[in-house]
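Accompanying notes for the structure given below.
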Amino acid sequence: MLNFRLVHPEILVDINRIPGLDQIAPQNGGFRIGALTRHRAIETSRAVGEKLPVMLAAAGQVGHLAIRNRGTFGGSLVHADPAAEWPVVVLALDGTITTKSAKGGRTIKARDFFVSYLQSAVEDGEIVTEVTLPGLPARTGWGFEELCRRPGDFAIAAVCALVTLDGGKVKDARISMGGVGPTALRAPDAEALLKGQAITDDLVKRVGEKAGEASDPSNDVHASADFRRHLVGVLTKRAVKAAAQRATA
Ligand SMILES: Cc1cc2nc3c(=O)[nH]c(=O)nc-3n(C[C@H](O)[C@H](O)[C@H](O)COP(=O)(O)OP(=O)(O)OC[C@H]3O[C@@H](n4cnc5c(N)ncnc54)[C@H](O)[C@@H]3O)c2cc1C
């Protein structure tokens, strides 16, 4: 934002040296991840890879190695770029964002955190300190699919799917999307379509169409809104199939 001359802050506060904000701590099968944790630290965390492998898949798509070495998990969430990977995954994982200010602290559900383009629920005088990601139920598989023009670019569209199976049928499903609206979005009707059903090609196709209907893309220099909506369908099909396969493995 500074580089593009889109923001002109009078004061810049470097929070890099605040101790204790770059920890990845296991908690109840999930994690508490400090706001200053670098993308690369998540990408290379064996513990995160074991419990929440979808995080590693998404991390690997965040910019280039140099970006991942410097950029932070919390910074990406507060920046709230709708085409960024972390908002999509944190929304699917039903994460909770913790903030602190001189007045105290707040916890904000991911679904309430992303307000609009480049706008999060963080207020003046407040910083994000950590993000809590709950563990996933047994027999939950994941899929993360993204299309971008060149490796390292922001997503033209991205979809994250989490599918929990029980006796060959879908017990629970979560689908979130990026690059196709003012914020990362969930696709509740597409999720509902999956619940209680056995995965078939026809069902997955309809789920993709429903997710496309839930998207709210716009035209820009990278892609038209119609193309993005079409992509949501394609990526959702792939992500849901991958998630269901991993849930059975
Ligand atoms: C060339 C390039 C390519 C990129 N490609 C991608 C990509 O493909 N996908 C992707 O997701 N991202 C991408 N990024 C963004 C990158 O992932 C950064 O992580 C992101 O910009 C945030 O950077 P940062 O952590 O240094 O935060 P900053 O840039 O320092 O901060 C971003 C905003 O958040 C605020 N902020 C930061 N931390 C906190 C906090 N703890 N509490 C409150 N407010 C805070 C800052 O005040 C600022 O408004 C790219 C960046 C570049 C430069």
Side-chain angles (χ1 to χ4, degrees), residues 1-24 32-43 54-93 95-108 110 113-132 144-160 176-181 183-184 220 222-223 235:
M1 300 288 277
L2 289 167
N3 199 15
F4 286 131
R5 309 291 189 264
L6 287 172
V7 292
H8 302 269
E10 285 171 21
I11 299 170
L12 198 56
V13 180
D14 181 0
I15 61 172
N16 273 297
R17 278 166 290 170
I18 300 177
L21 293 189
D22 60 353
Q23 310 292 315
I24 299 177
R32 284 173 30 235
I33 301 184
L36 288 181
T37 307
R38 312 284 159 182
H39 308 310
R40 183 70 177 157
I42 300 173
E43 186 184 1
V54 65
M55 292 283 289
L56 266 59
Q61 306 258 8
V62 176
H64 309 277
L65 196 51
I67 300 298
R68 298 202 289 276
N69 280 338
R70 292 302 297 158
T72 65
F73 189 47
S76 173
L77 295 176
V78 178
H79 185 54
D81 190 312
E85 284 79 8
W86 288 136
V88 179
V89 178
V90 172
L91 194 61
L93 289 170
T96 303
I97 293 99
T98 302
T99 68
K100 284 225 168 85
S101 71
K103 288 186 233 156
R106 294 195 291 155
T107 52
I108 307 165
F113 188 78
F114 305 107
V115 176
S116 189
Y117 290 102
L118 307 180
Q119 197 189 339
S120 75
V122 171
E123 291 171 356
D124 286 352
E126 204 174 33
I127 65 162
V128 169
T129 51
E130 68 177 20
V131 180
T132 306
F144 186 87
E145 295 286 333
E146 160 171 339
L147 186 98
C148 50
R149 209 169 272 277
R150 301 162 304 186
D153 280 0
F154 279 94
I156 292 177
V159 174
C160 177
S176 62
M177 316 174 275
V180 291
T183 64
D220 66 19
H222 303 295
L235 299 178

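Model, not experiment: these values are computed from the prediction. For ligands, and for the atoms within them, numbers begin at 1 and follow the listed sequence.
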Within 4.0 Å of [atom] (strictly less), any protein heavy atom?
atom	answer
atom 49 (O) of ligand 1	no
atom 4 (C) of ligand 1	yes
atom 44 (N) of ligand 1	yes
atom 27 (O) of ligand 1	yes

For atom 37 (C) of ligand 1, which of Gly71, Ala80, Ala84, Gly75 has the closest heavy atom? Gly75

Can you figure out which of Val62, Val88, Ile67, Ile15 has its heavy atom closest to atom 39 (C) of ligand 1? Ile15

Is any NZ, NE, NH1 or NH2 atom of the basic residue among Glu126 and Lys103 found under 4.0 Å from an Asp or Glu carboxylate oxygen of the other? no

Below 4.0 angstrom, N of the basic side chain to O of the carboxylate: do Arg68 and Glu43 qualify? yes

At under 4.0 Å between heavy atoms, which part of Ala35 makes contact with ligand 1: side chain, backbone, both or neither? side chain

Between the side chain of Arg40 and the main-chain N/O of Arg70, is any donor-acceptor distance below 3.5 Å? no

Any N or O on Glu85 sitting closer than 3.5 Å to an N or O of ligand 1? yes

Applying a strict 4.0 Å limit to heavy atoms, is Arg68 in contact with ligand 1? no

Phe154 near ligand 1, heavy-atom distance under 4.0 Å? yes

Going by the side chain to side chain contact (heavy atoms under 4.5 Å, CB included) test, name the single residue among Val78, Leu21, Thr98 that passes it with Ile127. Leu21

Look at atom 19 (O) of ligand 1 and say which protein heavy atom is nearest, naming residue and atom and giving the distance to 0.1 Å. His39 NE2, 2.6 Å

